[in-house]
Visitor: 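Here's a structure for you.
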Amino acid sequence: MSRAPVWRAVAALAVIATSLYLALTMSPRLGLDLRGGTQLVFETKDSPTVKADAAATDRTLEVLQRRTDALGVVDPTLVRSGEKRIIVELPGVLDPRKAADVIGRTAQLSFHAVLGADDPKGLPDESGQPLRLGPAVISGDGVTDAAARTDPQRGVSWFVTVDFRESAAWQKLTGAAACEPVGDPKRRVAIVLDNKIISSPQVNEGTPCRTGMPGGSTEITGSFTPEEAQNLAVLIKGGSLPVPLEIVEQRTVGPTLGADAIAASAKAGVVGVLLTGAFIILVYRVVGLLAAIALASYGLISYAALVALGATLTLPGLAGFVLAIGMAVDANVLVFERAREEYGASPQKGLKAALDRGFKNAWSAIADSNITTLLAAGLLFWLASGPVKGFGVTLSIGVLASLVSAMLITRALTQWIIGRVPPRLSGLGSIGRVRTWLTAKNPFVMRHARRWLAVGAVIVVVAIGGLLSRGLNFGVEFTGGRLVEFTTATPMSADTARQAVATAGFPSAVVQSSDEGISVRTGQISADDVVRIQQSLGGGVDKVRDELIGPSLGEELRRNALIALGVALAAQLLYLAVRFRWTFGAAAVLALFVDTAAVVGAFAWLGKPIDGVFLAAMLTIIGYSVNDKVVVFDRVRELWTAHRKTPFPQIVNQAILQTAPRTVNTGLGALFILAALAVFGGDSLRDFAIALLIGIVVGTLTSSFVAGPLAIELERHSKQPPPEPAKRRDPRTREGSGAVV
């Protein structure tokens with residue numbers, strides 16, 4: 001008796017137990033779009049003396065780290081992205097003006113002796129009096145610490161303490177100033193930041209001439225407010241940045257919006273799982289119930305992998321987490337449909353043997369379809385930006401977890417129960433009503449192959465018409481600019497909001513109004529301009545989202561989006577050509593082009609935004625649609641190998657009829673999930689769900705009625721022979737008894 005089922009059961013229990021332990025003991029790392037805060041993306045620029053390379057960016061990152069620490073932000077995240085970019089995440093910081101002004105200032109800090117006052121070419125001090133300064137004596141690198149303090153007992157409200165790396169330079173600077181009379185401008189020391197005097201304190205009366213202040217530390221006193229003292233300390237402590245910085249991207253999300261998004265995604269996930277579970281139980285009875293249990297374990301495994309890897313969960317990532325549930329159904333449906341076929345062909349061998357052959361024979365299609373989805377997810381991770389990267393991560397985790405769920409947990413559960421229930425109750429005793437009807441009727445749908453291709457061509461023409469007449473509504477992520485969303489205490493019409501924004505000085509802004517609030521899309525405006533718009537909209541208006549994309553980054557993201565789509569199609573073509581035949585690969589990719597055109601054209605006609613989330617949807621559609629086409633062509637290859645003399649159009653027709661139940665059932669499983677996302681996911685995920693709904697419906701149809709006819713047409717011009725059947729190895733005959741004397 002084989003021990004494989006026992007080891008599968010042990011492995012399944014170990015995976016579930018480990019996942020449960022990780023889920024209970026670790027917490028997910030939420031992205032800023034879910035917990036609220038500000039994300040700033042800085043790009044280093046060349047200075048006259050320093051080139052903005054990776055080393056200079058790393059030194060800049062250290063300075064920014066000291067500044068964020070001094071700001072007191074809880075759990076800040078700073079990482080270098082590429083050679084010249086730094087991503088700063090500040091949870092809880094909802095005022096991007098403060099973050100950008102204090103953290104991102106170039107801050108070329110230096111300490112100077114004052115040589116005189118009232119110099120027209122000098123720098124103005126705090127009161128506006130121009131001072132003539134000597135050369136820099138101490139640079140920002142010479143400061144080790146600075147802090148804002150208060151001491152009411154001394155009669156001083158707020159002051160700033162400064163500690164220097166070496167005391168000699170400070171002592172010499174203050175010793176020379178102490179020789180000047182009290183009140184003389186030359187008795188002052190100027191602290192210059194970005195060619196601007198931020199403080200010019202006078203040396204204390206008790207400081208000896210030529211001796212100066214010993215100890216390597218000092219106090220700057222004055223009529224500071226707490227915020228002024230804190231900002232001065234942060235800038236002095238941060239020191240000088242090696243190279244200038246430019247903000248190329250900024251995202252601010254209120255905590256309320258993040259909480260609502262989590263609740264909406266959780267609701268969509270629960271509803272989607274319940275609907276999908278009910279559907280799979282209805283179709284596959286007992287094994288469907290066991291698959292639904294495995295789906296629940298899939299959710300546990302995916303979540304545990306997410307927290308164990310320390311991946312950041314973003315809003316698009318939540319969508320990927322929920323969507324992968326539909327993909328987890330796919331593997332189960334493939335196995336069950338194949339097991340039904342095997343039992344129908346050889347019922348005398350029993351259900352257990354049919355189920356084993358179902359898992360074995362479905363593995364090829366399952367592996368191919370999951371690899372193509374992983375290709376799309378990998379492209380999202382490498383070429384996308386911001387929260388959309390999280391979608392690529394969670395989608396990849398979901399695909400791998402679905403394999404474990406279907407091929408290990410579902411297999412262990414079904415092998416345990418199969419044989420203990422009657423064939424009809426098991427769900428594998430018949431090929432199903434749809435397959436029975438198709439077998440009885442045996443329609444020759446490929447008789448009108450070229451008509452189906454004409455329908456596909458019409459879809460492409462309609463899509464091109466939408467692009468030419470309406471154009472694409474690119475979001476700020478691809479065009480550059482600023483997108484701000486507000487909630488209002490009372491409903492406000494679009495015309496009223498548009499007038500208010502125009503009054504604030506932005507008549508060309510795109511203003512939209514909905515039940516959730518108001519969105520304003522403009523060009524490159526400052527954070528102060530956003531405050532002015534908010535004030536113009538009136539009371540009861542709260543900012544919940546603020547995104548700024550620089551023009552250079554927008555162009556880069558747009559270029560990367562085109563590269564991602566092109567590489568995705570090329571990668572699928574290459575994989576399918578290697579895995580199957582070049583004709584199958586070309587037919588699948590041309591059908592994918594129809595799927596892509598249908599979604600892009602629909603968004604053009606509807607005026608929906610084209611942004612990073614749309615890119616995630618498109619790459620998901622490509623991966624998901626290829627799954628269907630892989631299953632069809634996998635069956636074509638199998639039938640063609642077994643029936644080499646049968647005309648190829650009949651082979652394709654038979655493959656489409658045999659895989660139709662799987663195609664329909666998998667599509668319905670995904671549609672349940674997407675419908676839940678569209679209804680409960682809110683504005684942020686609704687367009688994402690709409691794109692996928694269109695793409696999956698069209699992709700399901702093109703797998704049969706475009707990819708199949710295209711393969712027939714291409715094979716007419718191909719000189720490649722039909723696939724050879726796999727050669728069986730002859731069993732080796734043992735010579736001798738094997739005994740050793």
Side-chain angles (χ1 to χ4, degrees), residues 36-40 63-78 88-111 123-129 138 140 142-164 170 188-204 213 215-241 245 247 250 252 254-255 526-528 530-532 534-535 542-543 546:
T38 295
Q39 180 192 69
L40 301 168
V63 175
L64 296 186
Q65 183 70 62
R66 291 198 296 269
R67 293 182 183 179
T68 54
D69 291 342
L71 269 179
V73 179
V74 178
D75 193 24
T77 301
L78 291 91
V88 180
E89 292 187 352
L90 305 172
V93 177
L94 302 180
D95 185 0
R97 294 180 299 169
K98 176 183 178 183
D101 184 56
V102 176
I103 296 176
R105 291 182 66 175
T106 305
Q108 300 296 334
L109 183 71
S110 55
F111 292 74
L123 293 178
D125 64 6
E126 305 91 313
S127 62
Q129 182 184 26
I138 303 173
V143 177
T144 58
D145 195 16
R149 305 182 187 280
T150 182
D151 188 357
Q153 295 181 355
R154 293 168 46 188
V156 178
S157 56
W158 283 91
F159 59 95
V160 177
T161 60
V162 183
D163 297 329
F164 297 97
W170 177 249
R188 296 156 71 183
V189 173
I191 305 174
V192 178
L193 180 75
D194 282 348
N195 207 32
K196 178 182 177 182
I197 296 176
I198 58 173
S199 183
S200 56
Q202 184 170 220
V203 175
N204 194 292
M213 295 181 178
S217 64
T218 188
E219 294 179 359
I220 303 174
T221 58
S223 55
F224 294 126
T225 65
E227 186 175 1
E228 289 171 344
Q230 180 70 20
N231 287 347
L232 179 60
V234 168
L235 293 172
I236 294 176
K237 180 180 178 180
S240 300
L241 292 178
L245 287 179
I247 294 181
Q250 174 237 304
T252 301
S526 67
D528 292 330
V530 173
V531 173
R532 198 158 69 247
Q534 183 174 352
Q535 292 172 347
D542 294 318
K543 183 178 68 176
D546 183 0

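Side chains included, hydrogens not; waters and symmetry mates left out as well; all remaining heavy atoms used.
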Visitor: Locate the shortest heavy-atom distance separating Ala233 from Ala146; write the atom from each residue and the value.
Guide: O-CB, 3.6 Å
Visitor: Please test Thr77 against Leu90 for side chain to side chain contact (heavy atoms under 4.5 Å, CB included), starting from the C-alpha separation and ending with a verdict.
Guide: CA-CA 7 Å; Thr77 301; Leu90 305 172; over 6 Å; no
Visitor: Evaluate the ring planes of Trp170 and Phe164, with Trp represented by its six-membered ring, and classify them as parallel (under 30°), tilted (30 to 60°) or perpendicular (over 60°).
Guide: parallel
Visitor: Check side chain to side chain contact (heavy atoms under 4.5 Å, CB included) between Gln534 and all other residues, then give those that pass, not counting sequence neighbours.
Guide: Phe486, Val541, Lys543
Visitor: Could you tell me if Asp528 and Ser526 have a donor-acceptor pair between their side chains, going purely by distance under 3.5 Å?
Guide: no
Visitor: Go through it in stages, so that I can follow the logic: the residues are Leu123 and Val192, the test is side chain to side chain contact (heavy atoms under 4.5 Å, CB included), and I'd like the CA-CA distance, side-chain angles, deciding distance and then a yes or no.
Guide: CA-CA 9 Å; Leu123 293 178; Val192 178; 4.2 Å; yes
Visitor: Kindly write out the residues that satisfy side chain to side chain contact (heavy atoms under 4.5 Å, CB included) with Glu227, not counting sequence neighbours, or none if the list is empty.
Guide: Thr225, Asn231
Visitor: Which value, rounded to the nearest 0.5 Å, describes the distance between Trp158 atom CH2 and Gln230 atom CD?
Guide: 7.5 Å
Visitor: Going through the checks in order, is the side chain to side chain contact (heavy atoms under 4.5 Å, CB included) test met by Val143 and Asp163?
Guide: CA-CA 6 Å; Val143 177; Asp163 297 329; over 6 Å; no
Visitor: State, to 0.1 Å, how close Asn204 and Met213 come at their nearest heavy-atom pair, and which atoms those are.
Guide: N-CE, 3.9 Å
Visitor: With no hydrogens and no angle check, just 3.5 Å: does a side-chain donor-acceptor pair link Ser200 and Glu126?
Guide: yes
Visitor: Looking at every non-hydrogen atom in both residues, tell me the closest pair between Ile197 and Pro124 and how far apart they are.
Guide: CB-O, 3.6 Å
Visitor: Any heavy-atom pair between the side chains of Arg188 and Asp125 that's under 4.5 Å?
Guide: yes
Visitor: For Leu40 and Glu89, run side chain to side chain contact (heavy atoms under 4.5 Å, CB included): C-alpha distance rounded to whole Å, both residues' side-chain angles, the deciding distance at 0.1 Å, then the answer.
Guide: CA-CA 6 Å; Leu40 301 168; Glu89 292 187 352; over 6 Å; no
Visitor: In a check of side chain to side chain contact (heavy atoms under 4.5 Å, CB included) between Pro201 and each of Val160, Ile220, Thr218, which one passes?
Guide: Ile220
